[in-house]
Amino acid sequence: MLSEREKERITEEALLHEYPRAAVSEALLIVQESRGWVPDEAIVEVAGLLGMSTEEVEAVATFYELIFRKPVGRHVILVCDSVSCWITGEEAILSHLQRRLGIGLGGTTPDGEFTLLPAGCLGACDAGPAMMIDGKLYDTLTPERADGILAEYGMGADAQTSHG
Amino acid sequence: MLKPLTADIRPDRAALPLAAYESAGGYQGLRKAIAQTPFQVQQAVTASGLRGRGGAGFPTGMKWSFVPLSGGSAGGAGADSSGHRYLIVNADEKEPGTMKDRWLMEGNPHQLLEGALIAAWAVQADIAYIFLRREYTRCAESLTRAIAEAQKAGYVGERVLGSEWNIALRMHMSAGRYMCGEESGLLNALEGRRATPRNKPPFPQVSGLWGRPTVVNNVETLCNVPHILREGAEWYKALSPGSDPGTKIYGVSGKLNRPGLWELPMGTTARQLIDLAGGMRDGLRLRGLLPGGASTDFLSAEQLDVKLDFDSVARAGSRLGTGTMIVLDDHTCPVGMVLSLEKFFARESCGFCTPCREGLPWVARTLEALEQGKGESSDLDILQQHVGLLAPGRTFCALAPGAVEPLGSALRLFREDFEAHVHQKRCPWK
């Protein structure tokens, strides 16, 4: 199932290290880059390319927060729920996002646009609450500011569920 | 007051380019190091008294000295010169409440590279890794650019600065797990395995990455090293008035007027930091604080004059940890705060050893029950019991012992708040 380009990139990555298996998390992220997640068939093929067993690759794939073994939305929202953000109002932000998107933690909107996940510390402890969308950090969040940010990602006022 | 690590970092944290870093004295420390033997460089860092800034405070020079050097003055028995040796930068900053390494990497990436290169020279490494968490996207950009600049300038690569020494520098972007910050878990991650901890001994300095001698150092630790080489151990010691030398990147988070990060002499007090942070917000009262990230014991409101250096904080019953404090105010529920901490630790437990895998979720669920008004008096005993069951020596690595430090101290300092949850059958803050 892997494209020639994906195989090529994984093989190149493996050559950068003393042993090919060192490239396994990077290989899974290469797969994820174009597909959004890592399907079972890709696990088998990555194992073959790196000389690992399928189980070894699966053990790594299921260990990391940012390797997805299920499909996710086009945009992945990581909401920081660690202690400094909790003190400064993370719960209010999270429940606001859940209402606006109509999904719970781990959920994806029916239109496939957004997935909502928790994150343990984004390193913005002095500017909480914080979240990250597609690698971009947003801090000092308020519900209003969160709405404005969602709009930047194409979430219209009429989209999804409104305030209940 | 000297701020060697951060004086050149711009307020917007735009990465300091190579030319600006060099004109501020950058890479002079590396030049000095390469003119000396690795053993001499180790001695210089040992003499400075630098202690690791990742949380444990282990003396950096001593950590390096456990690597068997080939030949040379300190080359001990068993030293071998064939095969690779590794220097690894632990940039997997994921301790809740800690945000200091991000500042250093975004604002002054070359300072970290120079520190890593000097450390690599000191342990005769030929390969260095920067193990960076993927969420730190701005750090990745600034470091990637800096590595390219350093390669072009001859600081990284083959025959560094005209010497016989070759050093390869690689970035590893980790896909996110707290356990990767533990050095033996990090090594497993780099080998393409689950980041579970390894048995010690053997220590990584003898048998680390791929079974080869390896040193793992924290970002802030390494950022001190160029300055020590450039200015000398005596200068470094004079940066702090106390016995613990150098400066520290301190942080303050919580409901304060101006939370943030400051580079200050080692041994600055919590009270001074809270003043710098503009005091408590909206007339709130401070009830306690975690001095160095999520896995440290609470200090009470009566302990604000404790000097925040390794030994003083230990004497006060906690740990300096990462030096980034988290403040609890009187409008925030202490039980809820500890629940937030323990949910994090329960989620991050790698599952490798039973006490941590089973104990931390039990702790988190018990706290959750208290918060929901479903707690009983015996739950406080269960929590207290876990403080002992997950103490150092009971688990495979330091994750669970760290996790119960805030729990044990909270049960002591905020006992009446835990009891109020039981008696009122609700969280009094909700």
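All values below come from the heavy atoms of this structure, side chains included, with hydrogens, waters and symmetry mates left out. Chain letters run A, B, ... following the sequence lines, proteins first, then strands; residues in each count from 1. Given the structure is predicted, the values throughout are model-derived calculations rather than measurements.
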Electrostatic pair Arg170(B)-Glu18(A), nearest N-O below 4.0 angstrom: yes
Contacting moiety of Ala189(B), where chain A heavy atoms sit under 4.5 Å: both
Electrostatic pair Asp126(A):Lys100(B) at N-O distance under 4.0 angstrom: no
Greatest number of heavy atom pairs closer than 4.5 Å to chain B - which of Val24(A), Leu122(A), Ile67(A), Thr88(A): Leu122(A)
Pick from Ser174(B), Ser253(B), Gly254(B) with the largest number of heavy-atom pairs that fall under 4.5 Å of chain A: Ser253(B)
Residue part contacting chain A, namely of Tyr129(B), when any heavy atom lies under 4.5 Å: side chain
Largest heavy-atom contact set with chain A, pairs under 4.5 Å, which of Lys255(B), Lys94(B), His84(B): Lys94(B)
Expected output: side-chain Thr137(B) to main-chain Gly135(A) donor-acceptor under 3.5 Å: yes
Interchain contact, Val327(B) with chain A, by part (heavy-atom threshold 4.5 Å): backbone
Under 4.5 Å from a heavy atom of chain A, the part of Asp101(B) involved: neither
Heavy-atom side-chain proximity of Leu137(A) to Arg102(B) below 4.5 angstrom: yes
Heavy-atom pair count under 4.5 Å with chain A, highest-scoring of Glu93(B), Arg193(B), Glu348(B): Arg193(B)
Proximity breakdown for Leu29(A) and chain B, heavy-atom pairs closer than 4.5 Å: side chain
Closest non-hydrogen atom pair, Trp86(A) against Ser340(B): CB-OG, 3.7 Å
Contact class of Ala140(B) relative to chain A, heavy atoms under 4.5 angstrom: neither
Under 4.5 Å from any heavy atom of chain A - which part of His172(B): side chain
Engaged part of Thr332(B) at the chain A interface, taking heavy atoms whose separation is under 4.5 Å: side chain
Residue part contacting chain A, namely of Ile127(B), when any heavy atom lies under 4.5 Å: side chain
Side chain / backbone / both / neither for Glu26(A) at chain B, heavy atoms under 4.5 Å: side chain
Top of Cys80(A), Gly120(A), Ser82(A) for chain B proximity - count of heavy-atom pairs under 4.5 angstrom: Gly120(A)
Nearest non-hydrogen partners of Pro96(B) and Cys121(A), listed with the distance: CA-SG, 3.8 Å
Charged N-O contact under 4.0 Å between Glu65(A) and Arg134(B): no
Trace of the side chain to side chain contact (heavy atoms under 4.5 Å, CB included) decision for Ile326(B) with Ile87(A): CA-CA 9 Å; Ile326(B) 306 159; Ile87(A) 291 173; 3.8 Å; yes
Exercise: identify the closest heavy-atom pair between Ala22(A) and Leu190(B): CB-O, 3.4 Å
Inter-residue atom distance Phe63(A).CZ - Cys350(B).SG, 0.5 Å rounding: 5.5 Å
Heavy-atom proximity to chain B below 4.5 Å, by part of Ala119(A): backbone
Reported OG-to-CZ distance for the pair Ser25(A) and Arg194(B), which is rounded to 0.5 angstrom: 13.5 Å
Distance, nearest 0.5 Å, that separates CD of Glu135(B) from CG of Leu66(A): 4.5 Å
More than 12 heavy atoms from other groups under 6.0 Å of NE2 on His331(B): no
Contacting moiety of Leu28(A), where chain B heavy atoms sit under 4.5 Å: neither
Top of Gly192(B), Cys180(B), Ala175(B) for chain A proximity - count of heavy-atom pairs under 4.5 angstrom: Ala175(B)
Arg133(B), part contacting chain A, at a heavy-atom distance under 4.5 Å: side chain
Heavy-atom contact with chain A under 4.5 Å, split by part of Arg281(B): side chain
